[in-house]
Peer 1: 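Pasting in a structure now, in structure tokens, and then I'll have a few things to ask.
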There are 2 protein chains.
Amino acid sequence: MSALPRYRRIMERIRARIAEGTYPVGGVLPAETELCAEFAVSRYTMREALRLLVEQGMLSRRQKAGTVVVSRHPRAAYVQSIGTVEELFQHSVDTHLTVIDRREVPAPPAPVPPDDQGPWHRIDGLRRTQAEGAPFCFNRSFIPGRLAGLALERPGSFGPFYAMLAERAEEPIEQVVQEITAGLMPEEVWSSLGLPPDTIGMCVHRRYLSRVGVLIASFNWYEASRFVYRMELERSRGPAAGPGRGGPTGAG
Amino acid sequence: MSALPRYRRIMERIRARIAEGTYPVGGVLPAETELCAEFAVSRYTMREALRLLVEQGMLSRRQKAGTVVVSRHPRAAYVQSIGTVEELFQHSVDTHLTVIDRREVPAPPAPVPPDDQGPWHRIDGLRRTQAEGAPFCFNRSFIPGRLAGLALERPGSFGPFYAMLAERAEEPIEQVVQEITAGLMPEEVWSSLGLPPDTIGMCVHRRYLSRVGVLIASFNWYEASRFVYRMELERSRGPAAGPGRGGPTGAG
DNA sequence: GCGCGCAATTTGTCCAGACATAATCGCGAC
DNA sequence: GTCGCGATTATGTCTGGACAAATTGCGCGC
């Protein structure tokens, strides 16, 4: 017996035919039964082979319409994968946040959509690498009124605060929108960070959205000369997205 | 007959058991044959149900070791998906680039690794939304010597130039590293864009890496007050990553 | 000529059984 | 007590068959 299972080898042969144009893009493959006869395998084996090619984005199948070639090559999806919700909040975990202000505000600023009518909670904080030391990031977060009860439970320093909120709110995060901008720091930011007034900053803004609406909207200000937003996109074949890396990386 | 196929309903029931802790995380599920007996289905149906749960990242299966519960909830992978190489170069396609300078340089600047010894080609250009109109982006690209022959074929204005290079070089892109920084624009940039000397800029740097090394390294400078780098991460369940959106978005 | 409906075709779902392969666990030898 | 090998048992691969569902396209009626 060969090392590779039969459906695997058949998958390779069909892939080769697509690559060399025997089965052109947009064309229709022979029906399962015909392919079974040609390769002398059962329908299970052939379907397993075709399933792999569908997962790779090369084929598309529909009842009666048949199996059409979608792409000449396996899908090369460049993916910045963030595997878990925890990784989304990695920054919160890695660093130490000290709350310096907390108040109610009528609505968050643009570009946050004020989909929640009630008053919002605004929390300002400073991030440090260690509990002691100079802060490197000014954080301003907005939490809608409907979640304020949860948010207010943990005062003072809070590490995996966001993750707790997402978990407790029972609103699974459906989407995250991130926007990066740059410009002169607002006074609140540079003064809190102990920097001169003309400091150039980079602002990483994230909105964590559930089905209901905004869960958290956060603005993170960094000193531009000391900050690089780095992201790596890996070539990932097939359905199993590799362990992605990414996210903000401080740089000296 | 119900609307949903049988393996689908069984999948839901098993998922519910995992969610409610009947099958705890780290625990081992009953063997296929036992589950088949309990649900009174064939092994095919049961395996199809379990396959779905494996694809969702809730189960892990190994011969003899059995089926272990990996996660209590379906994997919520937040993915900025760029489906095709073309999308990576979307910016090049959408906009119009005019080459303003082209020369040989010994090596690209940091953070590009000079893995190619020969001289590099440096190409400066300006991006416009239309062929006429004010440029909004200064682009400086570095191409290693080994690809200079391909790069030099198309002079002047070039749209899907990068895509062509990646295609022609026969070096599939394995990884893309992107770094975003901000600061005062270098003189070459602000003067080329017709902006005052103290203009704050954002620089989006990308390195397209093949197995051999750097294919292209590009630096895109934008006027910070008019630029937002926007990225959306969607919740994507299962292997089929949805049609991702992302990439730089100009903002007024 | 146009539209509707039926039939043919293709993939989707499901069954029962068989053998292969791999990892674990226990037993035995040392 | 420890090491190693074999039996056990779980999933992995594969066959042949059957019916279901969906969509296309042809043909018939108007």
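Lettering of chains follows the sequences in order, A, B, ..., and the numbering in each one begins at 1. What you see is a predicted model, and the numbers here were worked out from it, not measured in a lab.
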Peer 1: Could you identify which residues of residues 33-43 of chain A place a heavy atom less than 4.0 Å from some atom of DNA chain D, listed by residue number, or say none?
Peer 2: A:Val41, A:Ser42, A:Arg43

Peer 1: If I compare all heavy atoms of B:Met46 with all of B:Cys36, which pair ends up nearest, and what's the gap?
Peer 2: CB-SG, 3.6 Å

Peer 1: Take atom CD of B:Glu48 and atom C1' of C:dC15, then tell me their distance rounded to the nearest Å.
Peer 2: 13 Å

Peer 1: If you count heavy atoms of other groups shown closer than 6.0 angstrom to CZ of A:Arg17, is the number above 12?
Peer 2: yes

Peer 1: For the pair made of CZ in B:Arg61 and P in C:dA22, what is the distance, rounded to whole Å?
Peer 2: 16 Å

Peer 1: Show the nearest heavy-atom pair for residues A:Val214 and A:Pro144, with the distance to one decimal.
Peer 2: O-CG, 3.1 Å

Peer 1: To the nearest angstrom, how far is A:Tyr44 atom OH from C:dA20 atom P?
Peer 2: 16 Å

Peer 1: Round to the nearest Å and state the distance from A:Arg47 atom CZ to D:dG17 atom P.
Peer 2: 17 Å

Peer 1: Output yes when A:Arg47 and B:Glu48 qualify as a salt bridge under the 4.0 Å nitrogen-oxygen rule, no when they do not.
Peer 2: no

Peer 1: For the residue pair B:Pro30 and B:Leu35, what are the closest heavy atoms and their distance?
Peer 2: O-CD1, 3.5 Å

Peer 1: Given the structure, check if the side chain of A:Glu32 and the base of C:dT11 hold any donor-acceptor pair shorter than 3.5 Å.
Peer 2: no

Peer 1: Write down the distance between CZ (B:Arg51) and P (C:dT13), rounded to a whole number of angstrom.
Peer 2: 11 Å

Peer 1: To the nearest Å, give me how far apart CZ (A:Arg8) and P (D:dC14) are.
Peer 2: 12 Å

Peer 1: Nearest whole angstrom, please: distance from the C1' of D:dT9 to the NZ of B:Lys64.
Peer 2: 4 Å

Peer 1: Using side chain to side chain contact (heavy atoms under 4.5 Å, CB included) as the criterion, point out the one residue from B:Glu12, B:Arg61, B:Arg15 that pairs with B:Leu53.
Peer 2: B:Arg15

Peer 1: Any side-chain N or O of B:Thr67 less than 4.0 Å from the OP1 or OP2 oxygen of D:dT11?
Peer 2: yes

Peer 1: Has the side chain of A:His205 got a donor or acceptor atom that lies under 3.5 Å from a matching backbone atom of A:Ile180?
Peer 2: no

Peer 1: NA contact type, A:Arg62, heavy-atom cut-off 4.0 Å: base, sugar-phosphate, or nothing?
Peer 2: sugar-phosphate

Peer 1: Below 3.5 Å, does any donor atom in the side chain of B:Gln63 face an acceptor in the base of C:dA23, or the other way round?
Peer 2: no

Peer 1: Measuring from the side chain of A:Arg6 (C-beta onward, heavy atoms only), which nucleotide among C:dT10, D:dC14, C:dC14 has the closest atom?
Peer 2: D:dC14

Peer 1: Without decimals, in angstroms, what is the distance between A:Ile10 CD1 and D:dT15 C1'?
Peer 2: 13 Å

